[in-house]
Amino acid sequence: METNLCVAGFGGQGVMTLGKFLASATCDSTDKNVTFFPSYGAEQRGGTANCYVVISDEMVGAPLGDVMDDLIVMNGPSLQKFLPKLKKGGNLFINSSIVSDDIERDDVKVVKAPVTELALEMGNAKVLNVIMLGVYVGYTEVVSPEVVWGTIEHKLAKKAKLLPLNKAAFEKGLEIGRSQK
């Protein structure tokens, strides 16, 4: 089994952190092979950012492919840029708080989650990526939620006061992802 994922959005939406959490969780707690490949735009916060995560039972060759199994888009420009790379039958995860474009393809599974809106309701816009990570893990089960949460908990250990909010955000995402299967 090999899963190719692209996560794309604006700088400041936690795109890289989402990819790092998933890659680290998989690498540290499973016997799967993982590649994480970040790509930053010339700008930082507000500019474009995307990353690729490949999870495989076999050795991973190049992390960049022309065809992705899964695509997470956090903004409209990312949808336009990366949707053509999503394979037929692939999974498209959309931040529906920001992305309102019509999906012109009927050969992919679309999972919508208003992660920006939910993060704001939770009191901190910075957890939108953790919500989306929960949506992705809840829907795909590519890695167990316990393993992913363990990694998030470890990475945020020095900021213990952030753990309850991030745990609630991750659980909310899992709930959304599982409900859309």
Side-chain angles (χ1 to χ4, degrees), residues 1-27 30 32-116 119 128-143 148 151 173-174 176-181:
M1 177 207 100
E2 181 170 293
T3 301
N4 291 281
L5 166 67
C6 176
V7 184
F10 291 131
Q13 289 183 306
V15 167
M16 298 304 169
T17 302
L18 188 163
K20 285 182 199 174
F21 281 161
L22 182 62
S24 292
T26 306
C27 186
T30 72
K32 296 184 182 301
N33 295 295
V34 182
T35 300
F36 170 75
F37 188 83
S39 176
Y40 300 90
E43 311 85 8
Q44 291 195 348
R45 190 167 288 276
T48 59
N50 63 80
C51 65
Y52 296 88
V53 179
V54 179
I55 301 171
S56 180
D57 293 327
E58 305 295 324
M59 293 292 288
V60 178
L64 297 178
D66 291 334
V67 180
M68 305 310 302
D69 299 303
D70 299 326
L71 173 62
I72 297 174
V73 292
M74 303 295 259
N75 62 7
S78 295
L79 176 68
Q80 299 309 316
K81 181 175 181 179
F82 292 103
L83 185 57
K85 290 186 172 196
L86 185 60
K87 75 174 190 177
K88 290 181 182 182
N91 300 308
L92 173 62
F93 298 85
I94 296 176
N95 175 1
S96 61
S97 297
I98 294 176
V99 181
S100 58
D101 306 39
D102 290 329
I103 307 306
E104 309 254 335
R105 292 181 57 181
D106 60 2
D107 62 344
V108 297
K109 298 170 196 129
V110 179
V111 178
K112 294 183 179 183
V115 296
T116 300
L128 69 95
N129 61 334
V130 176
I131 298 171
M132 186 59 90
L133 179 57
V135 172
Y136 180 72
V137 170
Y139 187 85
T140 65
E141 299 179 4
V142 68
V143 181
V148 176
T151 296
L174 286 172
I176 293 167
R178 289 172 177 153
S179 72
Q180 293 195 43
K181 283 187 180 181

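Values reported hereafter were calculated over all heavy atoms of this structure, with side chains retained and with hydrogens, waters and symmetry mates removed. Keep in mind it's a predicted model, so treat the numbers as computed, not measured.
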For residues [X] and [Y], report the shortest heavy-atom separation together with the two atoms involved.
X: Phe10; Y: Val15; answer: O-CG2, 4.3 Å
X: Met1; Y: Val142; answer: CE-CG2, 4.2 Å
X: Pro38; Y: Met16; answer: CB-SD, 3.6 Å
X: Gly138; Y: Lys181; answer: O-CE, 3.0 Å

side-chain contact (heavy atoms from CB on, under 4.5 Å) partner of Ser78, chosen from Val73, Leu71, Asn50: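 Among the candidates, only Val73 passes.
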Please tabulate, for the side chains in residues 18-26, all donor-acceptor contacts under 3.5 angstrom to protein atoms that are two or more places apart in sequence or on a different chain.
| residue | atom | partner | partner atom | Å |
| --- | --- | --- | --- | --- |
| Ser24 | OG | Lys20 | O | 3.0 |
| Thr26 | OG1 | Leu22 | O | 2.8 |

Could you tell me if the side chain of Leu174 sits less than 4.5 Å from the side chain of Val137, heavy atoms only?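 Touching, per the 4.5 Å side-chain cut-off.
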Check whether any side-chain heavy atom of Val148 lies under 4.5 Å from a side-chain heavy atom of Leu133, and answer yes or no.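 Result yes, sub-4.5 Å side-chain heavy-atom pair found.
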Got a sec, which residues hit side-chain contact (heavy atoms from CB on, under 4.5 Å) with Glu2, two or more places apart in sequence or on another chain?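 Listed in chain order: Asn4, Val54, Ser56.
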All side-chain contact (heavy atoms from CB on, under 4.5 Å) counterparts of Asn95, not counting sequence neighbours: Gln13, Met74, Ser97, Ile98, Val115, Thr116, Met132
Sorted by first residue and then second, give each salt bridge (Lys or Arg N to Asp or Glu O under 4.0 Å) pair with at least one member in residues 106-116; sequence neighbours left out.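 For residues 106-116, and leaving out neighbouring residues, the salt bridge (Lys or Arg N to Asp or Glu O under 4.0 Å) pairs sorted by first residue read Arg105-Asp107.
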Under the salt bridge (Lys or Arg N to Asp or Glu O under 4.0 Å) rule, what pairs show up with a residue in residues 51-61, not counting sequence neighbours?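 Output for this query lists Lys32-Asp57.
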side-chain contact (heavy atoms from CB on, under 4.5 Å) evaluation trace for Tyr136 with Val7: CA-CA 11 Å; Tyr136 180 72; Val7 184; over 6 Å; no
So Val135 and Gln180, side-chain contact (heavy atoms from CB on, under 4.5 Å) or not? Walk me through it. CA-CA 9 Å; Val135 172; Gln180 293 195 43; 5.8 Å; no
Report the residues that fulfil side-chain hydrogen bond (donor to acceptor under 3.5 Å, both in side chains) with Thr30, sequence neighbours left out, ordered by chain and then residue number. none
Cut-off 3.5 Å, no hydrogens considered: what does the side-chain donor-acceptor table look like for residues 86-94, sequence neighbours left out?
| residue | atom | partner | partner atom | Å |
| --- | --- | --- | --- | --- |
| Lys87 | NZ | Asp69 | OD1 | 3.0 |
| Asn91 | ND2 | Asp70 | OD1 | 2.8 |

